[in-house]
Asks: 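The following block contains the structure, expressed as structure tokens.
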Amino acid sequence: MKRYITWEPYSPNVGNVTGIYEGAVDESITEGPNTIESESPTPDGANAVNGLTSVLRINLETGELYYDYIKIESTETRLAATQAELTQVQQALADAYEQLTIAQNESTTTQQALSDLYEQLLKLQEEIAALKGGGD
């Protein structure tokens with residue numbers, strides 16, 4: 001019996017099965033870009049074993065269906081990884097804040113220096129004006 005297997009890419013010659021259709025199947029399924037016709041029976045072994053979960057895959061060259069077993073990540077493992085990532089993000093934020101503070105301090109110092117130079121310029125202009133006025 002003709003079977004149509006829909007899949008998502010997993011590797012160049014392997015797909016993760018997303019659906020198996022038999023009998024009268026809509027043309028949108030049979031003509032889909034990620035659909036392959038296969039007569040391969042669905043293999044046994046869908047049950048998880050020893051902390052592994054099964055993933056139904058298809059060999060895109062032969063149309064053969066098979067189960068691949070992958071390790072199930074525990075909640076504790078995911079939590080630890082998330083906490084480590086959070087710590088890295090917090091450190092990056094602290095570093096960015098420190099750099100911003102340094103930049104603001106440098107900006108304040110630069111503004112003060114410009115203000116001092118402006119005051120000196122005004123004094124020099126007054127002195128020049130006084131000298132010109134005194135020489136008349």
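What you see below is based on every heavy atom in this structure, not just the backbone, and it leaves out hydrogens, waters and symmetry mates. Note that the coordinates shown come from a computational prediction; the quantities given were computed from them, not determined experimentally.
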Asks: Could you state the interatomic distance from CG (Leu117) to CG (Leu122), rounded to the nearest 0.5 Å?
Replies: 11.0 Å
Asks: Taking all non-hydrogen atoms of both residues, which atom of Ser38 and which atom of Ile5 are closest, and how far apart?
Replies: CB-CG1, 3.9 Å
Asks: Roughly how far, to the nearest 0.5 Å, is CD of Glu64 from CD of Glu39?
Replies: 13.5 Å
Asks: Is there a donor-acceptor pair closer than 3.5 Å between any side-chain N or O of Ser115 and the backbone N or O of Gln111?
Replies: no
Asks: For the hydrophobic clusters of this structure (ILVMFWY residues joined by side-chain heavy atoms under 4.5 Å, transitively), does one cluster hold both Ile20 and Leu60?
Replies: yes
Asks: If we only count heavy atoms from C-beta on, is the Asn105 to Ile102 side-chain gap below 4.5 Å?
Replies: no
Asks: Return yes if a side-chain donor-acceptor contact under 3.5 Å exists between Thr6 and Thr18, otherwise no.
Replies: yes
Asks: Let's go through Leu65 and Arg3 carefully: what are the C-alpha distance in whole Å and the side-chain angles of both, what is the deciding distance for side chain to side chain contact (heavy atoms under 4.5 Å, CB included) to 0.1 Å, and is it a yes or a no?
Replies: CA-CA 11 Å; Leu65 295 170; Arg3 300 171 64 173; 4.1 Å; yes
Asks: Atom CD in Gln90, atom CD in Gln83: separation rounded to 0.5 Å?
Replies: 10.0 Å
Asks: Is there a path from Ile36 to Val17 through hydrophobic residues (I, L, V, M, F, W, Y) whose side chains come within less than 4.5 Å of each other?
Replies: yes
Asks: Compute whether any side-chain donor of one residue and acceptor of the other, for Gln91 and Asp95, lie under 3.5 angstrom apart.
Replies: yes
Asks: Would you give the length of the straight line joining atom CZ of Arg57 to atom CG of Asn13, rounded to the nearest 0.5 angstrom?
Replies: 13.5 Å
Asks: Could you state whether Leu56 and Tyr69 fall into the same hydrophobic cluster, counting links through intermediate Ile, Leu, Val, Met, Phe, Trp or Tyr residues with side-chain heavy atoms under 4.5 angstrom apart?
Replies: yes
Asks: Evaluate the side-chain proximity of Val14 to Ile58: yes if any heavy-atom separation is below 4.5 Å, no if none is.
Replies: no
Asks: Take a 6.0 Å sphere around CD of Gln125 and say whether it holds more than 12 heavy atoms from other residues, nucleotides or ligands.
Replies: yes
Asks: Side chains of Val55 and Tyr67, heavy atoms from C-beta outward: is any pair under 4.5 Å?
Replies: no
Asks: Would you check if there is a donor-acceptor pair between the side chains of Gln112 and Asp116 at a distance under 3.5 Å?
Replies: yes
Asks: Report yes or no: does Ser107 contribute a side-chain atom to a donor-acceptor pair with the main-chain N or O of Ala103 at less than 3.5 Å?
Replies: no
Asks: State, with a plain yes or no, whether a side-chain heavy atom of Lys71 is found less than 4.5 Å away from one of Thr53.
Replies: no
Asks: From Glu126 CD over to Lys123 NZ, what is the distance, rounded to the nearest 0.5 angstrom?
Replies: 8.5 Å
Asks: Would you name the heavy atoms of Thr35 and Ile29 that are closest together and state the gap between them?
Replies: OG1-O, 2.8 Å
Asks: Can you tell me how far the CD atom of Gln99 sits from the CD atom of Gln104, to the nearest 0.5 Å?
Replies: 12.5 Å
Asks: Just so I know, are the side chains of Pro9 and Asn34 near enough to count as touching, which here means a heavy-atom distance under 4.5 Å?
Replies: yes
Asks: Got a sec: does the OH of Tyr10 have more than 12 other heavy atoms crowding it under 6.0 Å?
Replies: no
